[in-house]
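Working notes, structure below.
We use all heavy atoms of the structure for the numbers below, so side chains are in, but hydrogens, waters and symmetry mates are not. Every chain is numbered from 1, with letters handed out A, B, ... down the list of sequences. If you're wondering where the values come from, they're calculated on a predicted model, not measured in any experiment.
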Amino acid sequence: MNNARIAEVFDQIADLLEFQDANPFRVRAYRNGARTIRDYPEPMTVVLADADRKLTDIKGVGKDLAEKVAALCAGETLPLLEELQSQVPESALMLMRIPGMGPKKAAAVFHELGVSTLDQLREACQAQQVRKLKGFGAKTEETILAGIGLAETIDVRMTWAQADQFARSIKDWMRDCEGVEQLEVAGSYRRGRDTIGDLDFLVVSNQPQQVMDRLAAFPEASLIGRGPTKISIRLADGLQVDMRVVPEKSFGAALQYFTGSKDHNIILRGRAKERGLKINEYGVFRVEDDEETFEAGRTEEEVYATLDLPWFPPELREARREFDWAAAGSLPELIDVGDLRADLHMHTTETDGKATLDEMVAAARKRGLKYIAITDHSKRVTMARGLDAQRLRTQWKEIDKVNDKLRGFRVLKGIEVDILERGGLDLDDDVLSESDWVVASIHYGQNQSRADITKRVVDALANPYVSAIAHPTGRLINRRPPYEIDLAAVYDAARKHHKMLELNANPARLDLDDVACAAAKSRGIPIVISSDAHSAEGFGVLRYGILQARRAGLTKADVANTRSLDAFLKLVAKGRG
DNA sequence: GCCGTTTTCGGCCCGACTGTTTTCAGTCG
């Protein structure tokens, strides 16, 4: 039972409790616990096995949740979960995914109409049964009918890079609008999450109607709702866009509020209360005898300062460790894309890349990088025409020639060697020993058992010539889940052999993800942020990797490819023993 | 269900918008 599965169980309990209209704070306790455990850098089983530590020392895990974690880790079932499941069918939870349907309305159709699936609800709406219920009407019935289709498909969150395209086109669209004094994208986009559910725009203007008219006219968008200061639309492909218009003196408070995360904000408001303050999207107010006086709101710095807090980079606002860091005065100075001096995973036309060695070198130099590693595929990856020993050595001779001509730039002789299904590497040690840099990765046998996949990777890390594991979980966002792998065992092996782990910057990969990177960092394992570029433009993805690294709290020092070539090669040499 | 330099009970962030209502509950972020 790993942390992710425990978190899933707690989220499921929260869903079921919510459907039953349980105490909302109890629901939150389960969600909080789920999030805390999902983000926790060590497996719960490790904490349980340690006699000196208690689960209840983890903030958000009390006596009750601790017992449930222990039960789950012991392979037991939870009586509470079984009881809830016997009362609420799994399919009924889908009802709450319809926009506008919360726990109250879902429970009403379930109990009073016996509706427990989306299909049954569609029929009930078409038979005009729903509008007869108390609190429902014809309009609600229409909204539900329109929303059922969304509930069936809305599960997909787009990658940050995809959302970025929409954010840019909306920014362009709004640029011509008079009355827009300032415009920012807030929400999970600003926090740099790997996936984005909707876009939140914040505008400073004293002509809110005009601004909202402009957004409402966005091509092929439909209106979800609109009030005096807030508008929501849905773009043709389903993405929801919210916009809020605030006066200038509230801009910082509103930006802070709409950037979130929700959990970060809840903690903030709790702190405000302790100080006799109130925070909302309009500012920070001192509350005395029912009188509210404006204290701050123009900038985010101002808002945080009223709570004796530093400004937090948006990527850290996840209610993970940022408040502890602030209290200790040890907020990390996050890595920036300009800190990268190298890119250590890329392909050329020798295998499945679209650019030649020379073109990749030129593109890397243009970007300001100081060194790169060419890591084409090895022979097992037949689809990409992977390299055998002979072709690899030929490529390395070419690289020698290129290096002879270059000043102030170096190309490392590398390879992305496949970790074979049966274990072991796709090229022999005598070839690998002639390289400067080897990344190993899994392409085949992704459906193997957790034990098998973990062993393949751990064994690869033990090979003296392997310096790093590339895309260590193999996930492709919205297309393929991560393979079953015991990352804790991978961290142990990496630390033991002085190896590195990759954060693959491809926006659909981004593995190790933010949580895993933070866990690796806490064990002192250097991270390599790599583009996995297959073209000259491929280096552009590095910024997505940087966003995840920042979310993990990584500094320049935590990332190996921020180092000078000499320092980097020393790190590689350490792993080669 | 969690938490505590206002501790073991009584809190738990806060406001906009919609639809069904005549003053507000439910939902959302």
Using the [atom1] atom as the point on both nucleotides, what is the distance between [M] and [N], in whole Å?
N	M	atom1	result
dT7(B)	dC3(B)	C1'	9 Å
dG29(B)	dC13(B)	C1'	12 Å
dG10(B)	dA16(B)	C1'	29 Å
dT5(B)	dG1(B)	C1'	24 Å
dC12(B)	dT18(B)	P	28 Å

What contact category does [X] fall into here, base, sugar-phosphate, or nothing, at under 4.0 angstrom with non-hydrogen atoms?
X	value
Thr229(A)	sugar-phosphate
Lys134(A)	nothing
Ile279(A)	sugar-phosphate
Arg226(A)	sugar-phosphate
Ile98(A)	sugar-phosphate
Pro103(A)	sugar-phosphate
Ala138(A)	sugar-phosphate
Val61(A)	sugar-phosphate
Leu65(A)	sugar-phosphate
Asn280(A)	sugar-phosphate

Look at [X] together with [Y] and state whether they make a salt bridge at an N to O cut-off of under 4.0 Å.
X	Y	value
Asp198(A)	Arg234(A)	no
Arg97(A)	Glu18(A)	no
Arg321(A)	Asp39(A)	no

| task | Rounded to the nearest angstrom, tell me the gap between atom CZ in Phe136(A) and atom P in dT21(B). | result |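 So the two atoms are 11 Å apart, to the nearest Å.
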
| query | In whole Å, what is the span from the NZ atom of Lys273(A) to the C1' atom of dG10(B)? | reply |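 Spelled out: NZ on Lys273(A) to C1' on dG10(B) is 12 Å.
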
Report yes if a side-chain nitrogen or oxygen of [X] is closer than 4.0 Å to either non-bridging phosphate oxygen (OP1 or OP2) of [N]; otherwise report no.
X	N	value
Lys63(A)	dC2(B)	no
Lys230(A)	dA16(B)	no
Ser232(A)	dC28(B)	no
Arg269(A)	dC13(B)	no
Arg28(A)	dC13(B)	yes
Lys262(A)	dC14(B)	no

| field | All pairs passing ring pair (Phe, Tyr, Trp, His ring centres under 6.0 Å) where residues 89-118 of chain A contributes a residue, at least two apart | value |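 As it turns out, the ring pair (Phe, Tyr, Trp, His ring centres under 6.0 Å) pairs with a partner in residues 89-118 of chain A, which skip direct neighbours, are Phe19(A)-Phe110(A).
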
| query | If each of Glu141(A) and Tyr257(A) is mapped to the nucleotide of DNA chain B with the nearest heavy atom, which maps nearer the 5' terminus, i.e. the 5' end? | reply |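 On the 5' side of the pair lies Glu141(A).
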
| request: On DNA chain B, check which nucleotide each of Glu274(A) and Met96(A) is closest to and give me the residue with the more 5' one. | output: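 In this pair, the answer is Glu274(A).
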
| field | Candidates dG19(B), dC13(B), dG15(B) - which lies nearest the side chain of Phe25(A) | value |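 The listed nucleotide nearest to Phe25(A)'s side chain is dC13(B).
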
| query | Just checking, is any N or O donor in the side chain of Tyr189(A) or Asp164(A) under 3.5 Å from an acceptor N or O on the other one? | reply |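 Short answer, yes.
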
| Close aromatic pair by centroid cut-off 6.0 Å: Phe294(A) and Tyr282(A) |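 No, the ring of Phe294(A) stays outside the 6.0 Å limit from the ring of Tyr282(A), centre to centre.
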
| request: Decide yes or no, distance alone: a donor-acceptor N/O pair under 3.5 angstrom between the base of dG1(B) and the side-chain of Asn32(A). | output: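 Such a pair does not exist between side chain and base.
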
| request: Please state whether the base of dG15(B) and the side chain of Tyr282(A) form at least one donor-acceptor pair under 3.5 Å? | output: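 Under the 3.5 Å cut-off, the side chain and the base do not form any donor-acceptor pair.
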
| said: Glu318(A) and salt bridge (charged side-chain N to carboxylate O under 4.0 Å, His left out): which single residue from Arg35(A), Arg550(A), Arg193(A), Arg551(A) fits? | reply: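 Among the candidates, only Arg551(A) passes.
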
